[in-house]
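Shown next, in C-alpha cells, is the structure this report addresses.
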Amino acid sequence: MSNSEIAGIFENLYNILSIDEKTKFEALAYQRVARELQSMPDDVSDLYDKYGIGGLMKIPGVGKGIAQHIIEYLKTGKIEKYEKIKSEYPIDFKDLFRIEGLGPKKAILLYKKLGIKNLNDLKKAAEEHKIADIPGFGKKSEELILKNISMLASLHGRILLAQGLNEARKIISYLTKSDFIDRCFIAGSTRRMKETLGDIDILATSKDSKKTMDLFINFEDARSVMIKGETKTTILLSTGVTCDLRVINDASFGAALQYFTGSKDHNIKIRKIAIGNNYKLNEYGLFYNDSNIAASKDEKFIYNRLNMDYIPPEMREDRGEIELALQHRIPELISLNDIKGDLHLHTKESDGLNTTEEMVNAALEKRYEYIAMTNHTKNLKIAHGIGDQDFIKYFDTVDKLNQKYKIKILKGAEVDILKDGSLDLKDETLGQMDCVIASVHMNISMEKEDMTQRVINAIKTGKVNILGHPTGRLINKRSSYEIELDEVSKYCEKYKTALEINSSPERLDLNDENILKTSKYNVYYSINTDSHNIYGYDFMELGVGTARRGWLGKEKVINTMDLNGLMKFLKK
DNA sequence: GCCGTTTTCGGCCCGACTGTTTTCAGTCG
C-alpha cells in the first residue's frame, strides 16, 4: 500500500511549504492530494500500472507535477524534492502534532530555535522551561504542552461509532433536560455514521449560551475542559475523545447543521459552488448580497438553492456525491424502517447468550417479519460450534416456535468456510436450511489469491445464501484478510450469494468503501447484526448507516424484501 | 501546484478560540 506513505510525504511537504507566504498555496495542493490518497480505495501503484500517468492525473488535485512525484516514488521509493526539504527540516511533524495547538509554523519555529524534532525533544525542552522564552510562546503555552503530553498516554484515539452514538445521545438527553436549550442535535462524523470517531460534535440552539456552556462542562463524563467560549466549547470525555458543543441562534439552524456535519472536504466544495453562484455560505447562513436567504429552515433549502439535490449526511465525504447532486441523481438510500428482518443470529446452542425463544420475542418487539437462526458450526470450537446431528435436532425447536409465534423463523447456520473452500456441514444438512451464511473464521492469514479462491470455492458449492463478514476485519484490532472482492463479487452475482453488511460494532464489514466498490456488480446485500444476545438487534442502525455511506438503496438489500420475496431469493 | 457552468491567469473556505499581542498570528474543524 503506497498511498499512505506518499500521503505522509505530501503532508510533510504541506507542513514545510505552508510556513512561507510564497509557497503556501502550493502547500495546499500537496495537502489536498495527501487527503485524497488517504481516502481513496484504489492503490496508486495499481492505478499507475494499469493506466499510467493519465490514471494518476484522474485523481482530484493531481496534475502533471504531483503525478511525476508519485511516479518517482513508485520507481525509487523517494521523492527528491522532499528529501532536499527534509534534510533542512528533519522534523517528525506527525509526532509533534499530537499536541493540541501545535501546527506547522510553531513546530518549525521550535526546531529553528531549540532543535526540537519530536515529542521527546519537546517534553525535555518544556521541562527545562526553554519554551516560554520563544516569541509567540509564553508561560501558558509551555504549561499546556506539558499538560498535553502527560494526557496523551490516556487518549484512545478514535472510538467506535457505537460508542460515540451512545455518548452523544447521553449528552443530548442531559442537555435537553434544561429549559433554556431548545434544539439539540448530533452533527459531525457521528451524524455521517463514520465507523470510527475522532471527536463528537453536538449542535444546540439556546436562549442562553452562557448557561448552556456551564451546563455542558458539568456533564458527568467530562474529564476536563479544553476550550470554553460563547459559541464553542470543547471537553475531554472519559472515553478519551473530545466533544464539541456549538451553540447557535435558532435562525441559523439549517446552515449550522450543514456546516458542522461536514465532512471538511464536502463543505469546502459546497462553499466553492456557492461562491460560483455569487453566494456566500458559512455556519450562519447562505448569503446573497449580504442578505441571508436560506439559514433558518432545514439544510435542504441550502442544497436546493445551490441547484442541487439534498445530500444525506452519510454521503457527504466528497466521493462524487456533489457531482451527482448537481445532476439531480442522488439515489434514494435505504433506511432503518425498510428492514424487515435479521438474518444472522446466534443462540445458546452455539455461543449466544439467549435462548431461541428469547431471541424470537426480542425480534417481535422490533416488529420483524422474519429472522434467521444461524449458529456456528463444529469447526469453530471456540464458539461451541455444533455438528450436523445437533442442527437437525435443533430444527425441531425452530418448527415448534414457528407454530407458536407470528414471525417466520428461518433455519440456518453460519457455516465455516474451511481452508480449501469446502463447507463445514454435510450437503444434506445444508439442504434442510432456509438460509446459509458462510464465513471465514480460521486460517485467516493466507495469500490474497488463495483466500480469494477459497471463498469463491465456497460460493461455487451453490449452497451459500450470504457471505458473512466478507473481509474479516475488526476495527482497531485486526485488518481485513487479503481478498479480491471484485472477483468474489462476480461469483456472488452468478450464484445469487448476497454479501453481508455485518452490523456488529467492531466489524461493520463490508465497510462503506467496499460497498461502493462491489455495488458496481449486480450483487445483493444482507444487513445483519450477528447478534449474540437480545440487545444485539439494536446494532442494525450501524449496518444501515454503513450501507447509506455506501450509497445503497433498499432494492439491493435482501432483508428489506417481504417474506415471499426473500424466500424466492434464498431458494437455490 | 492545481484548476476553470466567467477564467489558461489569478485565485485557492471561513470563522472561533487562544495566547500572545497592543491589533494579531497560529491552529482547528
Side-chain angles (χ1 to χ4, degrees), chain A residues 10 13-15 17-19 21-36 56-70 79 81 93 96-97 99-110 131-145 148 187-189 192 197-201 203 209 213 225-234 242-248 252 255-256 258-287 306-308 318 323 326-327:
Chain A
F10 288 165
L13 277 173
Y14 161 75
N15 291 330
L17 294 173
S18 68
I19 62 165
E21 274 298 307
K22 289 199 292 285
T23 50
K24 75 173 185 189
F25 290 115
E26 184 185 342
L28 275 173
Y30 283 110
Q31 190 196 34
R32 180 179 174 197
V33 176
R35 276 207 232 110
E36 199 67 45
L56 297 178
M57 287 176 68
K58 284 248 166 64
I59 302 169
V62 175
K64 217 172 178 180
I66 291 186
Q68 290 294 356
H69 287 324
I70 295 175
I79 296 171
K81 181 185 174 106
F93 288 101
L96 287 172
F97 288 175
I99 299 295
E100 184 95 8
L102 264 194
K105 291 194 176 157
K106 285 187 175 172
I108 285 176
L109 186 65
L110 286 171
I131 306 278
D133 299 334
I134 297 178
F137 292 81
K139 220 172 169 180
K140 256 193 160 163
S141 12
E142 189 173 275
E143 279 165 17
L144 203 68
I145 286 171
N148 276 333
S189 44
R192 301 199 313 278
L197 312 172
D199 70 341
I200 294 170
D201 288 289
L203 196 63
S209 100
M213 293 311 189
V225 179
M226 303 185 75
I227 297 169
K228 186 162 178 267
E230 280 276 303
T231 64
K232 175 188 170 181
T233 291
T234 304
T242 57
C243 177
D244 283 357
L245 175 67
R246 325 261 181 158
V247 174
I248 44 137
S252 302
Q258 197 285 324
Y259 182 90
F260 291 118
T261 297
S263 66
K264 192 175 164 148
D265 290 339
H266 175 92
N267 280 359
I268 289 175
K269 212 173 234 182
I270 295 287
R271 258 170 280 160
K272 279 184 184 163
I273 289 172
I275 292 168
N277 287 294
N278 288 321
Y279 292 110
K280 189 178 85 164
L281 178 63
N282 59 29
E283 59 262 57
Y284 301 108
L286 182 65
F287 297 89
L306 296 173
N307 291 319
M308 307 167 74
D318 189 22
E323 291 71 13
L326 284 167
Q327 300 163 23

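Atom set for the values below is all heavy atoms of this structure, side chains included, hydrogens, waters and symmetry mates excluded. So you know, we letter chains A, B, ... as the sequences are listed, proteins then strands, and number each from 1. Just so it is clear, the model here is predicted, and its values are computed rather than measured.
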Just to be sure I understand the rule, does [X] reach a base, reach only the sugar-phosphate, or reach nothing, if contact means heavy atoms closer than 4.0 Å?
{"X": "A:L144", "answer": "nothing"}
{"X": "A:G188", "answer": "nothing"}
{"X": "A:Y30", "answer": "sugar-phosphate"}
{"X": "A:I227", "answer": "sugar-phosphate"}
{"X": "A:K64", "answer": "sugar-phosphate"}
{"X": "A:K269", "answer": "nothing"}
{"X": "A:P104", "answer": "sugar-phosphate"}
{"X": "A:L102", "answer": "sugar-phosphate"}
{"X": "A:V62", "answer": "sugar-phosphate"}

Output the rounded distance in Å from [atom1] ([X]) to [atom2] ([N]).
{"X": "A:E323", "N": "B:dC3", "atom1": "CD", "atom2": "P", "value": "13 Å"}
{"X": "A:H69", "N": "B:dG1", "atom1": "NE2", "atom2": "C1'", "value": "8 Å"}
{"X": "A:I145", "N": "B:dT27", "atom1": "CD1", "atom2": "P", "value": "11 Å"}
{"X": "A:N15", "N": "B:dC28", "atom1": "CG", "atom2": "P", "value": "10 Å"}
{"X": "A:Q31", "N": "B:dG29", "atom1": "CD", "atom2": "P", "value": "12 Å"}
{"X": "A:L96", "N": "B:dG26", "atom1": "CG", "atom2": "P", "value": "17 Å"}
{"X": "A:H266", "N": "B:dC14", "atom1": "NE2", "atom2": "P", "value": "16 Å"}
{"X": "A:F137", "N": "B:dA25", "atom1": "CZ", "atom2": "P", "value": "16 Å"}

Subject >> Worked check of side chain to side chain contact (heavy atoms under 4.5 Å, CB included) between A:L281 and A:Q258 >> reply: CA-CA 10 Å; A:L281 178 63; A:Q258 197 285 324; 4.0 Å; yes
What nucleotide, of [options], holds the atom closest to the side chain of [X]?
{"X": "A:K106", "options": "B:dG19, B:dG1, B:dT27", "value": "B:dT27"}
{"X": "A:K272", "options": "B:dC28, B:dG1, B:dC12", "value": "B:dC12"}
{"X": "A:E100", "options": "B:dC2, B:dT5, B:dC28", "value": "B:dC28"}
{"X": "A:Y284", "options": "B:dC14, B:dG15, B:dC28", "value": "B:dG15"}
{"X": "A:T231", "options": "B:dG29, B:dC3, B:dC17", "value": "B:dC17"}
{"X": "A:I275", "options": "B:dT27, B:dC14, B:dT5", "value": "B:dC14"}

Would you indicate, yes or no, if [N] has its OP1 or OP2 atom less than 4.0 angstrom from a side-chain nitrogen or oxygen of [X]?
{"X": "A:K264", "N": "B:dG29", "result": "no"}
{"X": "A:S141", "N": "B:dT18", "result": "no"}
{"X": "A:Y14", "N": "B:dC2", "result": "no"}
{"X": "A:N282", "N": "B:dC14", "result": "no"}
{"X": "A:K280", "N": "B:dG15", "result": "yes"}

**OP:** Hunt down the Watson-Crick or G-U wobble partner of B:dT8, both distances under 3.5 Å, from any strand shown, or write none.
**Re:**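 The base-pairing partner of B:dT8, which may sit in any strand shown, does not exist here.
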Looking only at atom [atom1], what distance separates [N] and [M], rounded to whole Å?
{"N": "B:dC17", "M": "B:dC12", "atom1": "C1'", "result": "24 Å"}
{"N": "B:dA25", "M": "B:dT20", "atom1": "P", "result": "16 Å"}
{"N": "B:dT8", "M": "B:dC14", "atom1": "P", "result": "22 Å"}
{"N": "B:dT6", "M": "B:dG1", "atom1": "P", "result": "28 Å"}
{"N": "B:dC9", "M": "B:dA16", "atom1": "C1'", "result": "33 Å"}
{"N": "B:dG26", "M": "B:dT22", "atom1": "P", "result": "15 Å"}

Criterion side-chain contact (heavy atoms from CB on, under 4.5 Å) against [X], the qualifying member of [options]:
{"X": "A:P104", "options": "A:N15, A:L17, A:L96", "answer": "A:N15"}
{"X": "A:I66", "options": "A:I59, A:V33, A:L56, A:I79", "answer": "A:V33"}
{"X": "A:L28", "options": "A:K24, A:E26, A:R32, A:Q31", "answer": "A:Q31"}

Original post:
Is a donor on one side and an acceptor on the other found under 3.5 Å between the side chain of A:E283 and the backbone of A:Y259?
Top reply: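 No, A:E283 side chain to A:Y259 backbone: no donor-acceptor pair under 3.5 Å.
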Original post:
Mapping A:E283 and A:I99 onto DNA chain B by nearest heavy atom, which one lands closer to the 5' end?
Top reply: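 Nearest-nucleotide comparison on DNA chain B picks A:E283.
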**OP:** Test A:L326 against A:I273 for side chain to side chain contact (heavy atoms under 4.5 Å, CB included), laying out the working first.
**Re:** CA-CA 10 Å; A:L326 284 167; A:I273 289 172; 3.9 Å; yes
**OP:** Flag yes if more than 12 heavy atoms outside A:E21 fall under 6.0 Å of its CD atom; otherwise flag no.
**Re:**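 Check fails, neighbour count at 12 or below.
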